[in-house]
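Worksheet for the structure shown next.
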Amino acid sequence: MHRGGVIRELKRRKLTEFQTKVLIATYSIPKGKTMTYKELAKKAGYPNAYRAVGSVMKMNPLAPTIPCHRVVKSDGTLGSYSAPGGTRKKAQLLKKERAKFG
DNA sequence: TTCCTGACGCTCG
DNA sequence: GCGAGCGCCAGGA
């Protein structure tokens, strides 16, 4: 799905501007890379809303399209994962995308 | 409309 | 270096 389509979908879901921006920012994370909640919030235009970012990830209206698993904590830990499979799956997905590490 | 919660982050002890 | 506590913003009941 192209970027415009994603945005249109998000708007169609009647999401707030905040949610839309955060999700778009998440969608913009390159494959094989990760971003912290703080960085993501910053990118979305809400540098201090890193707490709310987590909530948006949890809503995740476009689960398969939005790579929410690429969002990790600043500590270096993965954080959590609401989608089926949980944090375990999140780790596997990241490992898979970073195939360079095996 | 008000209060509580949450996939976090930073500071203090 | 580790553990506990407070603050952050937006959503939902």
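Below, chain A is the first sequence line, B the second, and so on; all start at residue 1.
Under the 4.5 Å side-chain heavy-atom criterion for Ile, Leu, Val, Met, Phe, Trp and Tyr, A:Tyr81 and A:Val56 are members of distinct hydrophobic clusters. In this structure, A:Val6 is not a member of the same hydrophobic cluster as A:Met59, with clusters built from ILVMFWY side-chain heavy atoms closer than 4.5 Å.
Comparing A:Tyr46 and A:Tyr50 by the nucleotide of DNA chain C whose heavy atom lies nearest to each, the residue mapping closer to the 5' end is A:Tyr50.
One cannot find a donor-acceptor pair under 3.5 Å joining the base of C:dC9 and the side-chain atoms of A:Arg51.
The separation between A:Glu39 atom CD and B:dC8 atom C1' is 13 Å, rounded to whole Å. Between A:Arg88 atom CZ and B:dA7 atom P the separation is 20 Å, expressed in whole Å. Look at CE on A:Met59: it is 16 Å from P on C:dC9, rounded to the nearest Å. For the pair A:Lys58 NZ and C:dG12 P, the computed distance is 10 Å after rounding to whole Å. In this structure, A:Asp75 atom CG and B:dA7 atom P are separated by 15 Å, rounded to whole Å. Computed from coordinates, the A:Lys38 NZ to C:dC8 P distance equals 12 Å when rounded to whole Å.
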Worksheet entry | Residue pair A:Leu78, A:Leu94: steps toward the side chain to side chain contact (heavy atoms under 4.5 Å, CB included) verdict | CA-CA 9 Å; A:Leu78 295 180; A:Leu94 290 174; 3.3 Å; yes
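A salt bridge links A:Glu17 with A:Lys21: the distance from a Lys NZ or Arg NE/NH1/NH2 to an Asp or Glu carboxylate oxygen falls below 4.0 Å. Comment: A:Lys33 does not engage A:Glu97 in a salt bridge, judged by the lack of any side-chain N to carboxylate O separation of less than 4.0 angstrom.
Counting any heavy atom pair closer than 4.0 Å across all strands shown, A:Ala49 reaches sugar-phosphate atoms only and no base atom.
Other residues, nucleotides and ligands contribute at most 12 non-hydrogen atoms within 6.0 Å of the CZ atom of A:Arg8.
Here the side chain of A:Thr26 pairs a donor or acceptor atom with the backbone of A:Val22 at under 3.5 angstrom.
Contact check of residues 10-32 of chain A against DNA chain C (heavy atom, cut-off under 4.0 Å) returns A:Thr16, A:Phe18, A:Gln19. Taken residue by residue, residues 66-74 of chain A places heavy atoms nearer than 4.0 Å to DNA chain B at A:Cys68, A:Lys73, A:Ser74.
Of the residues A:Lys90, A:Lys89, A:Lys96, the one that meets the side-chain contact (heavy atoms from CB on, under 4.5 Å) test with A:Leu93 is A:Lys89.
The heavy-atom pair separating A:Ser28 from A:Lys43 by the smallest distance is OG-CE, 3.1 Å.
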